[in-house]
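Heads up, the thing below is written out as structure tokens.
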Amino acid sequence: MPKRLTKSFFGRSVLAVAPDLIGATLLVNGVGGRLVEVEAYHHTEPAAHSFRGLTPRNAVMFGPPGFVYVYRSYGIHWCLNFVCEPAGSASAVLIRAIEPTEGLATMRRRRGVTEERLLCSGPGRLCQALGVTSKHNGLALDAPPFELWARQGAVEVVAGPRIGLTKAADLPWRYGEKGSRFLSKPFAG
DNA sequence: TGCCCGATTAACT
DNA sequence: GTTAATCGGGCAA
């Protein structure tokens, strides 16, 4: 049987947690699937929301690991993050793409598209498909409506530069499942 | 206070 | 390939 990921899983280096999340299963109210693409963010690099210090928006990032940080992107979309490392480190993993496995009909209704590959392939898309909004900001990952299960068996993880950044764009902190057709963008090489 | 811009997406040409 | 939608943070004035 699969194992639930608890807060101790997240209380490690964000660069260790991020690749370990590939292949894990995330459900929100029973809707979701396998994580196939994530990105790491650390307060010491300027692309992170926490880089300039604590604000009302990023406060959850400065709290303990294993909690959810949700922010509004471009005034339109929601983006889902998992807080990592000991409290105060202000690091997090952005969830960028999911392979849908549970609640496909609900996702299609929320997204307004039928093609499976377009349901969760992107940070904004997966939040819409899973019904994630600001009301989830600050909630614990090991309690309802969230369920997070460790991956079973081996997963081949690849890394590359993060997407959509103008700062610290060279850091190879994007991780994904090799060859997955549900990535928001393929990995080079 | 005002202005610029972003961890995006979809609908254009 | 380009652009609009839309809003809060950061910084200049």
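Worth saying up front: this structure is predicted, and the values here are computed from it rather than measured. In what follows, chains carry the letters A, B, and so on, assigned in the order in which the sequence lines appear, proteins first and then strands, with residues in each chain numbered from 1.
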Are the side chains of [X] and [Y] in touch, meaning some heavy atoms are under 4.5 Å apart?
X	Y	value
A:Cys120	A:Leu130	yes
A:Val68	A:Asn137	no
A:Arg57	A:His49	yes
A:Leu15	A:Tyr175	yes
A:Phe82	A:Val17	no

What is the per-nucleotide protein-contact pattern of nucleotides 8-13 of chain C, from the 5' end, where B denotes a base atom under 4.0 Å from a protein heavy atom, S denotes such proximity for sugar-phosphate atoms only, and - denotes neither? -SSS--

Looking for any heavy atom pair under 4.0 Å, which part of the strands does A:Arg111 touch: base, sugar-phosphate only, or nothing?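 If one applies the 4.0 Å heavy-atom cut-off, A:Arg111 turns out to touch the sugar-phosphate alone, with no base involved.
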
Ring-face cation contact, A:Phe187 with A:Arg174, 6.0 Å cut, 45° max: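 Verdict for A:Phe187: a cation-pi partner in A:Arg174.
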
If the threshold is 4.0 Å, N to carboxylate O, is there a salt bridge linking [X] and [Y]?
X	Y	result
A:Glu39	A:Arg96	yes
A:Arg162	A:Glu45	yes
A:Glu85	A:Arg12	no
A:Arg34	A:Glu177	yes

For DNA chain B, determine which residues of residues 119-136 of chain A have any heavy atom closer than 4.0 angstrom to one of its atoms, and list them numerically.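 Heavy-atom contacts with DNA chain B come from A:Gly122, A:Pro123, A:Gly124, A:Arg125.
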
Residues from residues 175-183 of chain A lying under 4.0 Å of DNA chain B - heavy atoms: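 None, since no heavy atom is under 4.0 Å.
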
Kindly determine whether A:Arg110 and A:Gln128 satisfy side chain to side chain donor-acceptor pair (under 3.5 Å), including the steps that lead there. CA-CA 6 Å; A:Arg110 288 171 174 160; A:Gln128 187 181 22; over 6 Å; no

Between [N] ([atom2]) and [X] ([atom1]): distance, integer Å:
X	N	atom1	atom2	result
A:Arg110	B:dT9	CZ	P	17 Å
A:Arg117	B:dT9	CZ	C1'	14 Å
A:Phe51	B:dG6	CZ	P	16 Å
A:Leu165	B:dT8	CG	P	7 Å
A:His42	B:dA7	NE2	C1'	16 Å

Do A:Leu126 and A:Leu139 sit in the same hydrophobic cluster, where Ile, Leu, Val, Met, Phe, Trp and Tyr count as joined when their side-chain heavy atoms come under 4.5 Å apart?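 In one cluster with A:Leu126: A:Leu139, yes.
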
Pair listing, salt bridge (Lys or Arg N to Asp or Glu O under 4.0 Å) test, anchored in residues 123-142 of chain A, at least two apart: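 As it turns out, the salt bridge (Lys or Arg N to Asp or Glu O under 4.0 Å) pairs with a partner in residues 123-142 of chain A, which skip direct neighbours, are A:Lys7-A:Asp142.
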
For DNA chain C, which residues of residues 75-87 of chain A approach it to below 4.0 angstrom with any heavy atom?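 Within this stretch, A:Gly75, A:Ile76 sit under 4.0 Å of the strand.
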
Nearest-nucleotide comparison on DNA chain B, the residue closer to the 5′ end among A:Gly164 and A:Val113: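 Final value for this comparison: A:Gly164.
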
I want to know whether A:Tyr71 and A:Tyr69 have ring centres closer than 6.0 Å.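 Yes; A:Tyr69 has its ring centre under 6.0 Å from that of A:Tyr71.
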
Is the distance between the ring centroids of A:His136 and A:Phe146 under 6.0 Å?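 Ring centroids of A:Phe146 and A:His136 are less than 6.0 Å from each other.
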
Does the base of B:dA7 carry an N or O that pairs as donor and acceptor with the side chain of A:Tyr71 under 3.5 Å?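 It does, because a donor-acceptor pair links the side chain of A:Tyr71 to the base of B:dA7 below 3.5 Å.
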
Roughly how many Å apart are B:dA7 and C:dG1, using the C1' atom of each and rounding to a whole number?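 Straight-line distance between the two C1' atoms is 23 Å.
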
Should A:Tyr41 be counted as stacked on B:dA7, where stacking needs a ring-centre gap under 5.5 Å and an angle between planes under 30 degrees?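 Yes; centroid distance and tilt both under limits.
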
Annotated structure of DNA chain C as dot-bracket, pair cut-off 3.5 Å, Watson-Crick or G-U only, | for inter-strand, is |||||.||||||.

Quick check: does any side chain N or O of A:Ser50 sit under 3.5 Å from a backbone N or O of A:Ala90, one acting as donor and the other as acceptor?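 A pair under 3.5 Å: yes.
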
Using a cut-off of strictly less than 4.0 Å, decide whether A:Ser73 has a side-chain nitrogen or oxygen near OP1 or OP2 of B:dT9.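 For A:Ser73, the contact criterion (side-chain N or O under 4.0 Å from OP1 or OP2 of B:dT9) is not met.
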
